[in-house]
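The structure appears below as C-alpha cells.
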Amino acid sequence: MPIEPIKRKNITDEIFRQMRQLILSGEWNSGSKIPSENELTDRFGVSRIAVREALKKLLALDLIETRPGSGTYVKELSAGLYANSLIPLLLLDKPNVRHVIEFRRAIEVENARLATERATGEDIENLQKILDQMEQSVGDSEKFAEKDSDFHYEIAKMTRNPFIIKVTLLLKDIMYTAMTDTTATLGYDGIVKHKEILEAIKGHNSQKARRLMRGHFDHTLKQLDSPAKKRI
C-alpha cells in the first residue's frame, strides 16, 4: 500500500489512518523501523506538525515505540496489543446491551457448533469447571458475569479458529460490561441455559448446541424487551 498525498480536511486523522493500515496489514512489519518524521512529511506532502500528531496517536495506541537515538519502530503485534488499540475506541461510550447481545448471537451460535465438533475431553473439563464457578458466584453479579464471560470465551477457544479466538478476546471486556448489566437486571436464571449447552457439547451434538446457544440469546433479548426490563 503506497503512501498517498493527503487531500482530506482532517490531515492528522488521514495520516494516522494510512500509517495504522500499513502496520495492521503487515507492510510495516513488527519490529521494523518506520520512516523518519522528515521522510513522512515529504511522502505525505504535509507539515511536520501534522505527522508528529499522527505519530502521537499511534504511540498512544501502543502500535509504535520510540527508541532514543535510533528512531521509531513498529511494536510486536499480539492479541493483547490489538485489544489495547481497539478497546479504548469501543468503550468511549457505554455499550448498549441489546447491541452487544445481538452481535454475540451473530457469532456465538456458530461458535457453539464448531466447539462441539472439535471439543476434547480436557476442553469439556475446563468448561465444566467454569460452570461450577458460575454456580458458586450466584448472588455476586460481577463475579457471575466474569465467569459467564469466561464460559463463552472458553467455547470460542474450543473452535480452534485463531481469528474467532482473537476477536472474542478483543471484545471480552465489552462483553463483561454488558453481562454485568444483564445479570443485575435479569438475575441468574441464564445458568440453566449454560448447563444445557454444556450437556450438548458433552454429547458432541453440534446442532443441538447451536440451537441452544441461539435460544439462550433469543431468551435474553426477549427478557430485555419485557416492560419490566426496559431499564437497559
Determine, for [X] against [Y], whether the closest basic-nitrogen to carboxylate-oxygen distance falls under 4.0 angstrom.
X: Lys195; Y: Glu199; value: no
X: Lys222; Y: Asp225; value: no
X: Glu102; Y: Arg105; value: no
X: Asp123; Y: Arg160; value: yes
X: Glu53; Y: Lys57; value: no
X: Glu39; Y: Arg43; value: yes

Test side-chain contact (heavy atoms from CB on, under 4.5 Å) on Glu110 and Thr159; report intermediate values, then the result.
CA-CA 9 Å; Glu110 186 63 13; Thr159 68; over 6 Å; no
Ignoring hydrogens and geometry, is there a side-chain-to-backbone donor-acceptor pair from [X] to [Y] under 3.5 Å?
X: Lys33; Y: Ser70; result: yes
X: Asn29; Y: Ser32; result: no
X: Ser149; Y: Ala145; result: no
X: His216; Y: Gly190; result: no
X: Tyr188; Y: Ser141; result: yes

Of all the heavy-atom pairs spanning [X] and [Y], show the shortest one and how long it is.
X: Ala209; Y: Ala112; answer: O-CB, 3.7 Å
X: Ala119; Y: Ile124; answer: CB-CG1, 4.2 Å
X: Thr168; Y: Ala156; answer: OG1-CB, 3.6 Å
X: Leu40; Y: Pro35; answer: CD1-O, 3.6 Å
X: Ile130; Y: Asp150; answer: CD1-O, 3.8 Å

For a 4.5 angstrom cut-off between non-hydrogen side-chain atoms, does [X] reach [Y]?
X: Met158; Y: Ile201; answer: yes
X: Arg104; Y: Met179; answer: yes
X: His219; Y: Asp189; answer: yes
X: Leu63; Y: Val74; answer: no
X: Ile64; Y: Tyr73; answer: no

Which value, rounded to the nearest 0.5 Å, describes the distance between [X] atom [atom1] and [Y] atom [atom2]?
X: Thr12; Y: Arg17; atom1: OG1; atom2: CZ; value: 13.5 Å
X: Asp148; Y: Lys143; atom1: CG; atom2: NZ; value: 13.0 Å
X: Asn126; Y: Glu154; atom1: CG; atom2: CD; value: 5.0 Å
X: Met213; Y: Lys208; atom1: CE; atom2: NZ; value: 14.0 Å
X: Asn205; Y: Arg113; atom1: CG; atom2: CZ; value: 12.5 Å
X: Ile197; Y: Leu212; atom1: CD1; atom2: CG; value: 6.0 Å

No-hydrogen, no-angle side-chain donor-acceptor test under 3.5 Å, Ser137 and Asp140
no
Distance-only side-chain donor-acceptor flag, Gln128 / Lys202, under 3.5 Å:
yes
Parallel, tilted or perpendicular for Phe217 and His152, by the 30°/60° rule?
tilted
ILVMFWY cluster, [X] and [Y] together (side-chain gap under 4.5 Å):
X: Leu58; Y: Ile34; value: yes
X: Phe16; Y: Ile49; value: no
X: Trp28; Y: Leu55; value: yes
X: Ile11; Y: Met19; value: yes
X: Val109; Y: Ile101; value: yes

Run the side-chain contact (heavy atoms from CB on, under 4.5 Å) test on Ile155 and Glu108 for me, step by step, so that the C-alpha distance in whole Å, both residues' side-chain angles and the decisive distance to 0.1 Å come before the verdict.
CA-CA 9 Å; Ile155 288 176; Glu108 292 197 42; over 6 Å; no
May I have the step-by-step check of side-chain contact (heavy atoms from CB on, under 4.5 Å) for Asn111 and Ile164, ending in yes or no?
CA-CA 8 Å; Asn111 284 3; Ile164 289 174; 3.5 Å; yes
For side-chain contact (heavy atoms from CB on, under 4.5 Å), just list the numbers for Thr72 and Glu65, CA-CA rounded to whole Å, side-chain angles, deciding distance to a tenth of an Å, and then say yes or no.
CA-CA 6 Å; Thr72 303; Glu65 61 181 347; over 6 Å; no
